[in-house]
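Note sheet for the following structure.
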Amino acid sequence: MRTVAFCRVSTSVQEYERQVNELSGLARKNGWTVEATFAEKISGAKKNTERTELLRMVDYVKTHHINKVLVTELSRLGRDTLQVLQVIELLNKEGISLYILNYNIETLTEDGKVNPMSQFLITILAEVAHMERKTIRER
């Protein structure tokens, strides 16, 4: 199983090493290879088109026959519901599953079909991440 790890933190003073370590451990435990790690320090509220590493990751997985994208939590993919769902839809169309560690869910079944229950949960979780972002800004 060929995977990539995707990590994100919001500010330049934060580090994403914990995310890299957790995803590497997950891959080792499951016998998956991590072909590349993409990490960025940018607000998850930014548009996908403003996120260089996210765009690089999407291009990489499409051209290198990657099976799964690993994230520690959905909010690492982004905090804007629409932007997150757009990335997931793009991955789904390419037959690439998104695995979310903290919920132990992924977007595609073993036979490559969209997992309807995970899509439902991801939509809700993406909106929760969006609401968390609003709360953080209000504080």
Side-chain angles (χ1 to χ4, degrees):
M1 184 71 56
R2 298 171 52 122
T3 70
V4 300
F6 184 80
C7 308
R8 184 190 64 77
V9 292
S10 299
T11 67
S12 61
V13 297
Q14 293 174 304
E15 296 298 328
Y16 39 72
E17 290 169 358
R18 177 192 57 81
Q19 293 174 52
V20 172
N21 292 336
E22 287 181 13
L23 296 175
S24 296
L26 170 71
R28 270 191 310 279
K29 182 177 110 180
N30 287 288
W32 304 335
T33 60
V34 177
E35 302 290 326
T37 298
F38 296 88
E40 61 185 357
K41 294 184 177 193
I42 190 169
S43 169
K46 296 283 187 185
K47 299 279 187 216
N48 291 343
T49 55
E50 300 175 75
R51 298 181 53 200
T52 307
E53 283 300 295
L54 177 67
L55 295 174
R56 282 186 58 233
M57 183 272 295
V58 168
D59 184 53
Y60 184 92
V61 298
K62 287 167 60 175
T63 58
H64 288 83
H65 309 290
I66 299 300
N67 305 103
K68 291 184 196 296
V69 173
L70 310 175
V71 294
T72 55
E73 50 188 271
L74 187 61
S75 64
R76 301 306 85 205
L77 198 58
R79 288 196 181 268
D80 180 295
T81 306
L82 181 57
Q83 300 295 307
V84 168
L85 294 177
Q86 285 175 343
V87 171
I88 292 170
E89 181 65 22
L90 188 144
L91 294 173
N92 286 350
K93 283 182 182 176
E94 295 292 328
I96 302 164
S97 190
L98 175 69
Y99 183 92
I100 306 163
L101 177 61
N102 70 330
Y103 289 108
N104 191 32
I105 59 174
E106 60 184 295
T107 56
L108 300 180
T109 61
E110 286 186 23
D111 60 354
K113 294 188 174 143
V114 173
N115 181 337
M117 183 54 76
S118 72
Q119 289 295 116
F120 172 72
L121 290 171
I122 286 168
T123 302
I124 293 169
L125 294 170
E127 189 57 31
V128 168
H130 180 74
M131 288 172 31
E132 285 175 348
R133 165 77 176 141
K134 286 170 115 175
T135 302
I136 290 167
R137 290 187 76 207
E138 289 173 3
R139 286 187 198 148

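By convention here, the first residue in the shown sequence is residue 1. These values consider heavy atoms only, across backbone and side chains, with no hydrogens, waters or symmetry-generated copies.
Ile42 and Val87 fall into different hydrophobic clusters, defined by Ile, Leu, Val, Met, Phe, Trp and Tyr side-chain heavy atoms under 4.5 Å apart, directly or through other members. Leu108 and Val71 fall into different hydrophobic clusters, where Ile, Leu, Val, Met, Phe, Trp and Tyr are joined by side-chain heavy atoms under 4.5 Å apart, directly or via other members. Ile96 and Leu74 fall within a single hydrophobic cluster, where Ile, Leu, Val, Met, Phe, Trp and Tyr are joined by side-chain heavy atoms under 4.5 Å apart, directly or via other members. Taking hydrophobic clusters as Ile, Leu, Val, Met, Phe, Trp and Tyr residues chained together by side-chain heavy-atom distances below 4.5 Å, Tyr16 does not share a cluster with Val34. Criterion: ILVMFWY side-chain heavy atoms under 4.5 Å apart, direct or through other members. Under it, Ile100 and Leu90 are part of a common hydrophobic cluster.
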CA sep, side-chain torsions, deciding dist, call: Thr123, Leu85, side-chain contact (heavy atoms from CB on, under 4.5 Å): CA-CA 7 Å; Thr123 302; Leu85 294 177; 4.0 Å; yes
Stepwise side-chain contact (heavy atoms from CB on, under 4.5 Å) check, Leu26 with Leu70: CA-CA 9 Å; Leu26 170 71; Leu70 310 175; 4.2 Å; yes
Worked check of side-chain contact (heavy atoms from CB on, under 4.5 Å) between Arg8 and Arg51: CA-CA 10 Å; Arg8 184 190 64 77; Arg51 298 181 53 200; 3.3 Å; yes
Residue pair Gln119, Asn92: steps toward the side-chain contact (heavy atoms from CB on, under 4.5 Å) verdict: CA-CA 11 Å; Gln119 289 295 116; Asn92 286 350; 3.5 Å; yes
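To the nearest 0.5 Å, atoms CE (Met131) and OG1 (Thr81) are separated by 9.5 Å. Atom CG of Leu91 sits about 12.0 Å away from atom CD of Glu106, to the nearest 0.5 Å. Here Leu55 contributes atom CG and Phe38 contributes atom CZ; the two are 11.0 Å apart, rounded to the nearest 0.5 Å. Taken from CD in Glu53 to OG1 in Thr37, the straight-line distance is 10.5 Å, to the nearest 0.5 Å. A distance of 11.5 Å separates CG in Leu82 from CD in Glu89, rounded to the nearest 0.5 Å.
Defined by atom type and a distance below 3.5 Å, a donor-acceptor pair is missing between the side-chain atoms of Glu22 and Thr72. Using a 3.5 Å distance cut-off with no hydrogens or angles, the side chains of Gln83 and Asn48 do pair a donor with an acceptor.
Closest non-hydrogen pair, Arg76 versus Phe6, comes out as O-CE2, 3.4 Å. In this structure, Ser118 and Thr107 approach most closely via the heavy-atom pair OG-CA, 3.5 Å.
In summary, Arg2 and Glu35 engage in a salt bridge, as defined by a charged side-chain N under 4.0 Å from a carboxylate O. Salt bridge absent: Lys47 and Glu50 never bring a charged side-chain N and a carboxylate O closer than 4.0 Å.
Thr3 places no side-chain N or O within donor-acceptor distance of the main-chain N or O of Lys68, the cut-off being under 3.5 Å. Not a single donor-acceptor pair under 3.5 Å links the side chain of Asn67 to the backbone N or O of Met1. A donor-acceptor pair is defined here as one N or O able to donate and one able to accept, closer than 3.5 Å; no such pair exists between the side chain of Thr109 and the backbone of Asn115. Formation of a donor-acceptor pair under 3.5 Å by the Ser75 side chain with backbone atoms of Arg79 is not found in this model.
In this view, Tyr99 and Trp32 satisfy the ring pair (Phe, Tyr, Trp, His ring centres under 6.0 Å) rule, not counting sequence neighbours. In terms of the salt bridge (charged side-chain N to carboxylate O under 4.0 Å, His left out) criterion, residue partners of Lys41 (sequence neighbours excluded) are, by chain and number, Glu15.
Within 6.0 Å of CD on Glu17 lie no more than 12 heavy atoms contributed by other residues, nucleotides or ligands. More than 12 heavy-atom neighbours from other residues, nucleotides or ligands sit within 6.0 angstrom of NE2 on His64.
Two residues are said to be in side-chain contact when any heavy atoms from C-beta on lie closer than 4.5 Å; Glu40 and Leu54 meet this criterion. Taking 4.5 Å as the limit, every side-chain heavy atom of Tyr103 sits out of range of all side-chain heavy atoms of Leu121. Within the 4.5 Å cutoff, no side-chain heavy atoms of Glu94 are placed close to those of Ile66.
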